[in-house]
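Report on the following structure.
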Amino acid sequence: MAENLDFIREIVKRDTASGRYGGRVVTRFPPEPNGFLHIGHAKSICLNFGIAREFDGACHLRFDDTNPETEDMAFVESIMRDVRWLGFDWNGKLFFASDYYEQFFGFAVRLIEAGKAYVDSLTESGIREYRGTVTEPGRESPHRNRTVSENLDLFTRMRAGEFPDGAHVLRARIDMAAANMKLRDPLLYRIRHTSHYRTGDAWCIYPMYDFAHPLSDAIEGVTHSICTLEFENNRAIYDWLVETLFDAPRPRQYEFARLNLDYAVMSKRKLLQLVEDDFVSGWDDPRMPTIAGLRRRGYTPEGIRDFAARIGVDKANSRVSMELLEDAIRDDLNGRCPRVLAVLRPLKVTITNLPVDGIDWLDAPLWPRDSGRDGSRKLALAREIFIERTDFSEQPPEGWLRLSPGGEVRLANSGYIRCDEVVKDPLSGEVVELRCALDSGEDNPGGAGKRKKRAAIQWLSSAHAVRAEVRLYDRLCAVANPEDVEEGKTFKDHLNPDSVTVIPGALVEPGLAGVQGGDRFQFVRNGYFVADEVDSKPGAPVFNRIIELRDGYKANKAAPSPAPPAVRKPASVRTIPDERTRSRLAGPAQAARHDRFIATPGLTAEQADVLTSDPAVADFFEAALAIHPDARSIANWVVNDLLRELKGRALSRLPFGPPELAELAAMTDRQAITNPAARTIFAAMMAGGGKPAEIAARLGLDRVMSDSEIEAAVDTALAPLGEKVAEYRAGKTNLLGMFTGYAMRAVAGKADPAAVQRILGEKLGQA
RNA sequence: UGGGAGGUCGUUCAACGGUAGGACAGAGGCCUUUGAAGCCUCGAAUGAAGGUUCGAUCCCUUCCCUCCCAACCA
């Protein structure tokens with residue numbers, strides 16, 4: 001397994017090690033069957049199924065089908081196909097939220113019976129009004145305090161179909177004033193007199209995502225429920241439900257950043273628009289970022305999985321550049337595609353020194369030399385051939401390695417041709433034929449020098465080449481971030497009008513006439529191509545360009561990309577305790593205390609702010625200060641160390657009090673213990689309480705090393721680092737930090753850092 | 001403006017208090033019967049300010065910036 005795990009795998013690993021779920025790891029991929037999967041889902045699939053695979057667990061495929069209005073069996077099937085194609089298997093763990101409807105109903109009834117859910121009869125807009133806003137608390141619905149029996153009666157009748165859509169909803173009774181809007185009595189059930197693609201008309205009430213999802217996870221024994229960032233606020237509901245309805249160990253939700261790709265749109269809504277407006281040929285159009293589209297485009301599951309691995313998993317919103325995907329795909333294709341010749345835009349070349357009827361059969365390897373793979377096919381070389389129109393230039397730019405009037409170029413797998421004559425259409429002036437002479441192609445060994453460096457171009461005998469349709473694809477969008485559109489425009493205004501180029505008259509080797517849909521090749525110098533699954537027919541091949549080859553020439557000649565817009569760095573702001581700070585203080589007593597702290601020698605204004613932000617913290621500080629009257633020292637402990645630990649718990653539940661902290665500070669200040677030792681002791685106090693002096697004695701931290709002891713320790717630490725020490729002495733002075741780290745570990749907190757550094761400096765100074 | 005989550009080379013991910021590293025992209029070079037592939041070299045970052053520490057990308061504080069949340073969608 002990889003050295004550096006992403007934060008989710010880190011959690012899974014920790015849970016596995018601690019036996020939290022008895023060593024079980026169960027993830028799930030839970031799509032709603034209302035559309036096609038896209039590359040963003042692939043990230044999630046690779047994550048969920050990948051974790052299951054790596055930790056010897058299971059990943060369930062569960063269809064989150066709780067909305068009868070949008071879902072369909074066809075989507076279920078396409079999703080299953082796509083997951084399998086990507087190379088994952090749910091091993092029979094196939095589930096549908098709709099199979100849990102009866103259980104869901106039972107859980108809802110339990111919630112009602114416990115007084116934790118109620119039937120609300122407000123209208124949709126009424127509910128919205130009562131919910132409040134992000135800055136104002138909501139108000140309780142007039143129906144919030146219905147009796148249990150009334151709720152039960154209403155809910156049962158909702159199910160029985162006695163009410164029209166929208167008449168009632170079931171809501172969790174949580175907190176209408178919660179700062180987290182999601183917690184303001186979230187809806188659990190709504191009435192929908194609509195047939196469901198699986199349950200038909202059996203139900204007319206349907207559970208909401210926030211209800212169905214956590215329950216499904218818990219029912220299936222999911223351990224790690226991994227979803228995208230936009231569900232962070234929903235986690236509170238998730239936890240509330242699994243905690244009130246299920247026993248430990250409960251599933252936990254973790255969120256990661258969804259994938260955004262440059263030059264692509266990823267939302268189902270937008271993708272649907274592209275299909276409906278006929279901008280693309282369908283969900284599997286080779287330009288679509290759907291799995292079906294990528295498959296038809298010729299992308300490989302291996303390449304996509306490699307891409308998913310390369311982008312990693314994190315919580316930072318990001319937009320991955322297309323190049324990363326393309327590189328992963330190209331990398332995979334490079335190892336698996338035989339090389340063949342194709343001429344996309346043919347230009348006739350007559351080789352004047354070849355006989356009219358003569359044919360040379362050349363042996364041409366299918367794989368590049370460095371691949372180590374064997375295999376070849378015969379290539380016919382005749383008097384009339386075609387080369388790529390773009391491989392000839394009448395007025396070649398500097399550095400041109402291809403053909404030009406009077407110049408020569410190598411024919412792939414053959415010799416050199418020299419362009420003796422350019423034939424043009426008298427009317428249009430277009431070049432229609434080149435008349436060239438072929439020579440053996442050998443350099444003059446030891447002779448008048450080697451030939452000039454030349455390209456080796458693709459070509460095809462006109463009598464043997466087979467016509468093929470070739471489709472070249474470019475990015476769908478003209479801008480990197482189509483989600484970010486200016487006022488009055490939509491993403492459709494930024495679509496690339498030239499995202500596909502069809503070349504009906506391309507030429508390929510005769511061996512490609514009978515390709516099967518899905519066969520992939522590298523057309524030398526033109527890129528990787530796949531025979532189209534749908535349109536390619538025996539005798540009439542159709543190829544999609546999967547991806548171009550990297551092109552050093554084009555890259556060189558490309559216009560320099562415009563400098564990214566300068567990001568304005570925010571001006572730095574100095575913190576000054578001001579009126580705003582004071583207004584945050586809870587009442588005049590705190591304000592008075594704030595004044596007093598500011599006036600206390602050794603305390604900074606900033607510390608005074610922090611100390612008074614919570615009266616309990618201020619109390620703690622003052623109590624400790626009374627025992628060890630060094631304001632600076634106590635404040636540092638409280639502000640830096642105590643506050644950090646307090647993030648997870650209340651001050652009242654601290655396993656020690658102000659006297660212990662004061663004692664710790666005092667011991668440190670009178671140098672009875674070293675600073676590092678004090679920190680170790682603090683950690684021990686946090687873990688289990690106790691007196692600092694006793695802990696110090698127990699851990700052997702109650703004495704400070706002598707210089708000779710430190711020297712011995714430093715020697716030991718430095719011993720295996722000879723190479724690094726040499727580098728240091730050679731001038732790599734930033735290694736000092738590393739040496740200090742090793743040395744500090746060696747003295748285990750029993751030495752004064754200053755002394756360690758002094759001795760270290762002496763040792764390192766010695767040659 | 002309430003709550004939540006984020007901010008490391010151009011991009012993306014590492015570094016879990018101890019040498020800021022990889023990949024993609026970029027520049028230069030080697031090699032080459034693919035201007036491919038491969039190989040080598042180089043440039044390039046911790047949002048800001050304070051604080052704690054021998055030492056801070058990492059811990060504390062404040063500020064700035066970005067994203068998410070007020071569907072009977074998921």
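In what follows, chains carry the letters A, B, and so on, assigned in the order in which the sequence lines appear, proteins first and then strands, with residues in each chain numbered from 1.
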*Run the ring pair (Phe, Tyr, Trp, His ring centres under 6.0 Å) check on A/Y189 and A/F155 step by step: do they pass?*
CA-CA 9 Å; A/Y189 269 95; A/F155 188 51; 5.3 Å; yes
*Could you check A/D641 against A/R644 for side chain to side chain contact (heavy atoms under 4.5 Å, CB included), going step by step and ending with a plain yes or no?*
CA-CA 5 Å; A/D641 300 270; A/R644 177 181 62 244; 3.5 Å; yes
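Under the 4.0 Å criterion applied to side-chain N and carboxylate O atoms, A/D185 and A/R171 are not assigned as salt-bridge partners. Ion pairing between A/D210 and A/R235 fails under the 4.0 Å rule for side-chain N and carboxylate O.
Residue A/Y189 is classed as having no contact, given no heavy-atom separation below 4.0 Å to the nucleic acid. Contact annotation for A/V639: backbone-only contact, meaning every heavy-atom pair under 4.0 Å involves sugar-phosphate atoms and none involves a base. A/T674 comes within 4.0 angstrom of no nucleic acid atom, judged by non-hydrogen atoms across all strands. Note on A/V313: only backbone sugar-phosphate atoms sit closer than 4.0 angstrom, heavy atoms only; bases stay farther off. Across all strands shown, A/M208 has heavy atoms under 4.0 Å from sugar-phosphate atoms exclusively, and none from any base. Using a 4.0 Å heavy-atom criterion, one finds that A/A456 contacts the sugar-phosphate atoms exclusively. Nucleic acid contact for A/W367: none, since no nucleic acid atom lies under 4.0 Å from a heavy atom of the residue. At the heavy-atom level, A/A316 lies under 4.0 Å from the strands shown only through sugar-phosphate atoms. Note on A/K268: nothing from the nucleic acid sits closer than 4.0 angstrom, heavy atoms only. A/D314 comes within 4.0 angstrom of the backbone, heavy atoms only, and of no base. At a threshold of 4.0 angstrom between heavy atoms, the contacts of A/L642 with the nucleic acid are absent. Looking at heavy-atom distances under 4.0 Å, A/E255 makes no contact with the nucleic acid at all. Within the 4.0 angstrom heavy-atom criterion, base atoms lie near A/E10. Here A/D64 lies in heavy-atom contact (under 4.0 Å) with sugar-phosphate atoms only.
Between B/G2 and B/A44, the distance separating the two C1' atoms is 40 Å to the nearest Å. Taking the C1' atoms as reference points, B/G6 lies 15 Å from B/U12, given to the whole Å. B/C30 and B/C9 are spaced 33 Å apart, taking the P atom of each and rounding to whole Å. Rounded to whole Å, the separation between the P atoms of B/C39 and B/C24 comes to 9 Å. B/A20 and B/U53 have their P atoms separated by 22 Å, given to the nearest Å. Across the C1' atoms, B/C73 and B/G10 are found 37 Å apart, a figure rounded to whole Å. Rounded to a whole angstrom, the distance from the P atom of B/G50 to that of B/C58 is 14 Å. The P atoms of B/U57 and B/C65 are separated by 24 Å, rounded to the nearest whole Å.
Summarising the geometry, the separation between CG on A/L229 and C1' on B/U66 is reported as 12 Å, rounded to the nearest angstrom. Atom CG of A/N34 is separated from atom P of B/A71 by 20 Å (rounded to the nearest Å). Between the CD atom of A/E606 and the C1' atom of B/A48 there is a distance of 13 Å, rounded to whole Å. Taking atom CZ of A/R410 as the reference point, atom P of B/G35 lies 12 Å away to the nearest angstrom. Rounded to whole angstrom, the span from the CG atom of A/N233 across to the P atom of B/C68 amounts to 11 Å. For the pair A/E129 CD and B/A71 P, the interatomic distance rounds to 12 Å; values are reported in whole Å. Per the geometry, CZ belonging to A/R9 stands 18 Å off C1' belonging to B/C16, to the nearest Å.
Under 4.0 angstrom from either OP1 or OP2 of B/U12 there lies no side-chain N or O belonging to A/R319. At B/A5, none of the side-chain N or O atoms of A/R258 fall inside 4.0 Å of OP1 or OP2 (strictly under the cut-off). Between A/T66 and the phosphate of B/A74, there is a side-chain N or O to OP1/OP2 separation shorter than 4.0 Å. Listed pair A/N675 / B/C54 meets the phosphate criterion, a side-chain N or O lying under 4.0 Å from OP1 or OP2. Applying the 4.0 Å criterion to OP1 and OP2 of B/A20, one finds that A/N734 has a side-chain N or O inside that range. Note on A/R525: a side-chain N or O is less than 4.0 Å away from OP1 or OP2 of B/G35. The phosphate of B/U11 (OP1 or OP2) has no side-chain N or O of A/R310 nearer than 4.0 angstrom. Between A/R369 and B/A37 there is no side-chain polar atom (N or O) within less than 4.0 angstrom of OP1 or OP2. The shortest distance between the side-chain N/O atoms of A/R184 and the OP1/OP2 oxygens of B/C69 is not below 4.0 Å. At B/A37, none of the side-chain N or O atoms of A/R339 fall inside 4.0 Å of OP1 or OP2 (strictly under the cut-off). Between A/R131 and the phosphate of B/C72, there is a side-chain N or O to OP1/OP2 separation shorter than 4.0 Å.
Residue A/F163 holds its CZ atom at 3.5 Å from NE2 of A/H168, rounded to the nearest 0.5 Å.
Side chain A/R402 to base B/G35: a donor-acceptor pair is found below 3.5 Å. Put simply, the side chain of A/R745 and the base of B/G17 share no donor and acceptor less than 3.5 Å apart. Residue-to-nucleotide contacts include no donor-acceptor pair under 3.5 Å from the side chain of A/E230 to the base of B/C69. On a pure distance criterion of 3.5 Å, a polar donor-acceptor pair joins the side chain of A/N640 and the base of B/G51. At a cut-off of 3.5 angstrom, the base of B/U34 holds at least one donor-acceptor pair with the side chain of A/Q522. The base of B/G2 is not paired with the side chain of A/N180 by any donor and acceptor separated by under 3.5 Å.
At a cut-off of 3.5 Å, with distance as the only test, a side-chain donor of A/D217 or A/Y238 sits close to an acceptor on the other residue. A/N526 and A/E388 share a donor-acceptor pair across their side chains, judged by distance under 3.5 Å alone. Between the side chains of A/T228 and A/E255, no donor-acceptor pair of N or O atoms lies under 3.5 Å.
Base pairing of B/A23: its partner is B/U11, meeting the Watson-Crick or G-U wobble criterion (both donor-acceptor distances under 3.5 Å). Under the Watson-Crick or G-U wobble criterion, with both distances below 3.5 Å, B/A5 is paired with B/U66. Pairing for B/C58 is absent, with no Watson-Crick or G-U wobble pair whose two atom distances lie under 3.5 Å. When both pairing distances are held under 3.5 Å, B/U46 makes no Watson-Crick or G-U pair with any nucleotide shown. Under the Watson-Crick and G-U wobble criteria, each requiring two contacts below 3.5 Å, nucleotide B/G38 is paired to B/C30.
The side-chain tip of A/R402 points at the ring of A/Y553 from less than 6.0 angstrom away and within 45° of straight on.
Relative to the side chain of A/D370, the nucleotides B/A36, B/G18, B/A14 differ in distance, and B/A36 lies closest.
Glycosidic conformation of B/A71: syn, with the torsion inside 90° of 0.
Nearest heavy atoms, A/P365 versus A/N413: CD-OD1, 3.7 Å.
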